[in-house]
Novice: 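Quick one: the structure is below, questions incoming.
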Amino acid sequence: MTGVGGPLITIVGSYVVGLTIAVDRAPVGGETVIGSGFDEGPGGKGSNQAIQVARLGGDAALIAVVGTDRHGDEAMALWAAEAIDVAHVARRADVATGVGFIVVESDGENRIVIDRGANELLGAASVDAASERIGRSRVVI
């Protein structure tokens, strides 16, 4: 149950791009406020867990679904750079990769809106398709 990089650990989970902006205060209905410090970056609990497993020396595999859009391409490049096994990551052209819009107020309070996108398609069939990898894994998250 140990791979080249350490114990085999398989993660079933999400990938979401986080789009974050800072504001002094959140807008009320119909209002526009000026923000700053826009940031765009990878997220999703499953992806984050797979990255941490790989960085800690585990042989990480991810079971997930992303779109064939730019965000999906960026996810695949990220996982390749982190040496994560993506044999069970599905790419779908019929749905966008998940995104989250995060508005952070100056006091640290945040408001988050998520479009789960391709994550909605992750289900039992995805897990069943990875049963061989799961069976060899020391841990499944």
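The figures here come from the full heavy-atom set of this structure, side chains too, leaving out hydrogens, waters and symmetry mates.
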Novice: Has Asp24 got more than 12 heavy atoms of other residues, nucleotides or ligands less than 6.0 Å from its CG?
Specialist: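 No - once you tally the heavy atoms of other residues, nucleotides and ligands closer than 6.0 Å, there are 12 at most.
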
Novice: Check Ala60 against Ala50 and note the closest heavy-atom contact, atom names and distance.
Specialist: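 Closest heavy-atom pair between Ala60 and Ala50: CB-O, 3.6 Å.
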
Novice: Set out, in order, the CA-CA distance, both residues' side-chain angles and the distance that settles side chain to side chain contact (heavy atoms under 4.5 Å, CB included) for Asn119 and Val16, then state yes or no.
Specialist: CA-CA 8 Å; Asn119 293 297; Val16 178; 3.6 Å; yes

Novice: Might you point out which heavy atoms bring Ala93 and Thr68 nearest each other, and give the distance in Å?
Specialist: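 Shortest heavy-atom contact: CA-OG1, 3.3 Å.
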
Novice: State, to 0.1 Å, how close Glu105 and Ala26 come at their nearest heavy-atom pair, and which atoms those are.
Specialist: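 Here Glu105 and Ala26 meet closest at OE1-N, 3.4 Å.
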
Novice: Check whether any side-chain heavy atom of Glu31 sits under 4.5 Å from a side-chain heavy atom of Arg25, and report yes or no.
Specialist: yes

Novice: Using the salt bridge (Lys or Arg N to Asp or Glu O under 4.0 Å) criterion, which residues pair with Asp107? Sequence neighbours excluded.
Specialist: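 For Asp107, no residue satisfies salt bridge (Lys or Arg N to Asp or Glu O under 4.0 Å) once neighbours in sequence are set aside.
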
Novice: Would a distance-only check, ignoring hydrogens and angles, find a side-chain to backbone donor-acceptor pair under 3.5 Å from Glu120 to Gly117?
Specialist: no

Novice: What pair of heavy atoms forms the shortest contact from Gly67 to Ala118, and how long is it?
Specialist: N-CB, 3.9 Å

Novice: Just verifying a value: how many Å separate Glu40 CD and His71 NE2, rounded to the nearest 0.5 Å?
Specialist: 5.0 Å

Novice: Restricting to non-hydrogen atoms, name the atom on Ile63 and the atom on Ser126 that form the minimum distance, rounded to 0.1 Å.
Specialist: CG2-O, 3.9 Å

Novice: Sequence neighbours excluded, which residues qualify as side chain to side chain contact (heavy atoms under 4.5 Å, CB included) partners of Val127?
Specialist: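 Residues passing side chain to side chain contact (heavy atoms under 4.5 Å, CB included) with Val127: Val12, Ile134.
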
Novice: Inspect the contact between Asp73 and Arg91 and indicate whether a charged nitrogen and a carboxylate oxygen are less than 4.0 angstrom apart.
Specialist: yes

Novice: For Thr10 and Arg133, test the side chains for any donor-to-acceptor distance below 3.5 angstrom and give the result as yes or no.
Specialist: yes

Novice: Side-chain contact, heavy-atom cut-off 4.5 Å: Leu121 with Val95?
Specialist: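 Yes, close enough: below the 4.5 Å cut-off.
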
Novice: Among side-chain atoms of Thr97 and Asp69, is any donor-acceptor pair under 3.5 angstrom?
Specialist: yes

Novice: Can you check whether Gly44's main-chain N or O pairs, donor with acceptor, with Ser47's side chain at less than 3.5 Å?
Specialist: no

Novice: Could you list the cluster mates of Val17? Members are the ILVMFWY residues connected by side-chain heavy atoms closer than 4.5 Å, either directly or through other members.
Specialist: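 Taking Ile, Leu, Val, Met, Phe, Trp and Tyr as members, Val17 shares its hydrophobic cluster with Ile9, Ile11, Tyr15, Leu19, Phe38, Ile51, Val53, Leu62, Val66, Met76, Leu78, Trp79, Ile84, Val86, Val89, Val99, Phe101, Val139, Ile141.
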
Novice: Which value, rounded to the nearest 0.5 Å, describes the distance between Glu132 atom CD and Arg136 atom CZ?
Specialist: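 Glu132 atom CD to Arg136 atom CZ measures 4.0 Å (nearest 0.5 Å).
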
